[in-house]
Amino acid sequence: MIKIWPAIDLIEGKSVRLTEGDYNTSEAMTRSAEESIQFYNQFESVDRIHIIDLIGAKAQRAIEMDYIQQLIQASDKPIEVGGGIRDEATLRRYFDSGVDYCIVGTQAITNTAWLAEMSQLFPGKIYVSVDAYRTAIKINGWTEDAALDLFEYVAKIEDLPLGGIIYTDISKDGKLAGPNFEITAQLAQATSLPVIASGGIRDRQDLEKLEASGITAAIVGKAANQSAFWEGLS
């Protein structure tokens, strides 16, 4: 079974979800971040928890680090963190505090030399988050156009010792209407790096379709907050 990475997105210590990355659509989740971690701890299919500092992504620096350190203590699962990670010092602080994996987006996309250096320092511990409208990459909390194509960018980082690539089609995110199966599958064929699907995943059928196309793990946001999603999953 494909691995499930439930997402906890943070704004001012609250677990929220956005639609299409629009901060004005922020919707509070029924479970707090702490309650979500306790809930996800019970499932074997969950092999890590995905935490994003949304304000950090927009502010271009880590904002929720102290709170995330508290959440690490509550989790039985590995933790990966993203949002506002732009330098080696922030990576080291997160790893030293017990974070297992870090997600880098804007800095990795705009500065591939930096990404190469960091991936050599922390092999297998860094995931690149590539967020795009289909294949047009966005940066700085999805607010700016990077003027880069998804496949052209991935070809540039193909040989780096990364943990993998997290692909989100922003137009699908937060809508519970299914991920972009077509481009996600094409990406899995185009790179030897593990590809993690994100954005719009609704149910087990979506997970099975992603797995059949070579996807190793899926990040699930809004659906993971619904009890029906977990029915039949161990």
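Since the structure is predicted, the reported quantities are computational estimates derived from the model, not experimental observations. Here, residue 1 is the first one in the sequence, and each next residue gets the next number.
Taking 4.5 Å as the limit, every side-chain heavy atom of S32 sits out of range of all side-chain heavy atoms of S15. With contacts defined as side-chain heavy-atom distances shorter than 4.5 Å, the pair V220/P6 does not qualify. Side-chain atoms of H50 and I52, non-hydrogen and from C-beta on, do get closer than 4.5 Å to each other. Considering only heavy atoms from C-beta on, F43 stays 4.5 Å or farther from I4 through its side chain. For the pair I201 and L210, the minimum side-chain heavy-atom distance is below 4.5 Å. Between I51 and I72 there is no side-chain heavy-atom pair separated by less than 4.5 Å. With contacts defined as side-chain heavy-atom distances shorter than 4.5 Å, the pair K125/L91 does not qualify.
Hydrophobic clustering keeps I2 apart from I166 (ILVMFWY residues linked when any side-chain heavy atoms are closer than 4.5 Å, directly or through intermediates). Both V104 and V81 belong to a common hydrophobic cluster when Ile, Leu, Val, Met, Phe, Trp and Tyr are linked at side-chain heavy-atom distances under 4.5 angstrom.
Without hydrogens or angle criteria, T191 side chain to A188 main chain gives no donor-acceptor distance under 3.5 Å. No side-chain donor-acceptor contact under 3.5 Å links Q107 to the backbone of D87. Not a single donor-acceptor pair under 3.5 Å links the side chain of D145 to the backbone N or O of K138. Side-chain atoms of D47 do not come within 3.5 Å of backbone N or O of K3 as any donor-acceptor pair. Using modelled atom types, no side-chain atom of S26 and backbone atom of Y23 make a donor-acceptor pair closer than 3.5 Å. Under the 3.5 Å distance criterion, the side-chain polar atoms of N41 are matched with a main-chain donor or acceptor of D76. For the pair T90 (side chain) and R86 (backbone), a donor-acceptor distance under 3.5 Å is absent. At distances below 3.5 Å, not a single donor-acceptor pair connects side-chain atoms of S198 with backbone N or O atoms of I219. In this structure a side-chain-to-backbone donor-acceptor pair under 3.5 Å is present from K77 to V46. E64 contributes a side-chain N or O that, together with a main-chain N or O of G13, makes up a donor-acceptor pair within less than 3.5 Å.
Not counting sequence neighbours, the partners of Y101 by the ring-ring contact (aromatic ring centres under 6.0 Å, His included) test are Y127. Scored by the ring-ring contact (aromatic ring centres under 6.0 Å, His included) test, F151 finds no partners at all (sequence neighbours excluded).
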Discussion item. Show, in sequence, the C-alpha distance, side-chain angles and deciding distance for D96 and R92, and conclude whether the salt bridge (Lys or Arg N to Asp or Glu O under 4.0 Å) test is met.
Written reply: CA-CA 6 Å; D96 289 346; R92 288 195 181 278; over 6 Å; no
Worksheet item: After noting the C-alpha distance and the side-chain angles of F181 and S213, does the key distance pass the side-chain contact (heavy atoms from CB on, under 4.5 Å) rule?
Response: CA-CA 8 Å; F181 293 108; S213 64; 6.0 Å; no
Item to complete: Under the side-chain contact (heavy atoms from CB on, under 4.5 Å) rule, what do L148 and I109 come out as? Steps first, then yes or no, please.
Response: CA-CA 9 Å; L148 277 173; I109 290 162; 3.5 Å; yes
Practice prompt. For the pair L162 and L193, evaluate side-chain contact (heavy atoms from CB on, under 4.5 Å) and give the outcome as yes or no after the intermediate values.
Written response: CA-CA 7 Å; L162 298 164; L193 291 166; 4.1 Å; yes
Worksheet item: After noting the C-alpha distance and the side-chain angles of E34 and L71, does the key distance pass the side-chain contact (heavy atoms from CB on, under 4.5 Å) rule?
Response: CA-CA 6 Å; E34 290 90 346; L71 297 178; 3.9 Å; yes
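For W230 and Y40, the ring centers sit closer than 6.0 Å to each other.
Of the residues V99, I103, I196, the one that meets the side-chain contact (heavy atoms from CB on, under 4.5 Å) test with E80 is I103. When each of K222, R17, K14 is checked for a salt bridge (charged side-chain N to carboxylate O under 4.0 Å, His left out) with D9, only R17 meets the rule. The side-chain contact (heavy atoms from CB on, under 4.5 Å) test with T184 is passed by exactly one of V195, D169, T168: V195.
For the pair R31 and F39, the cation-pi criterion (under 6.0 Å, within 45° of the ring axis) is fulfilled.
Within a 6.0 Å radius of CZ in R61, other residues, nucleotides and ligands contribute 12 heavy atoms or fewer. By the 6.0 Å contact criterion, CD on E12 is open, its count of non-hydrogen atoms from other residues, nucleotides or ligands being 12 or less. Atom CD of Q42 has more than 12 heavy atoms from other residues, nucleotides or ligands within 6.0 Å.
Here the CG atom belonging to N140 is positioned 4.0 Å from the CD atom belonging to Q60, to the nearest 0.5 angstrom. Note that CE of M118 is 12.0 Å distant from CD1 of I85, once rounded to the nearest 0.5 Å. Note that CE of M65 is 4.0 Å distant from CZ of R93, once rounded to the nearest 0.5 Å.
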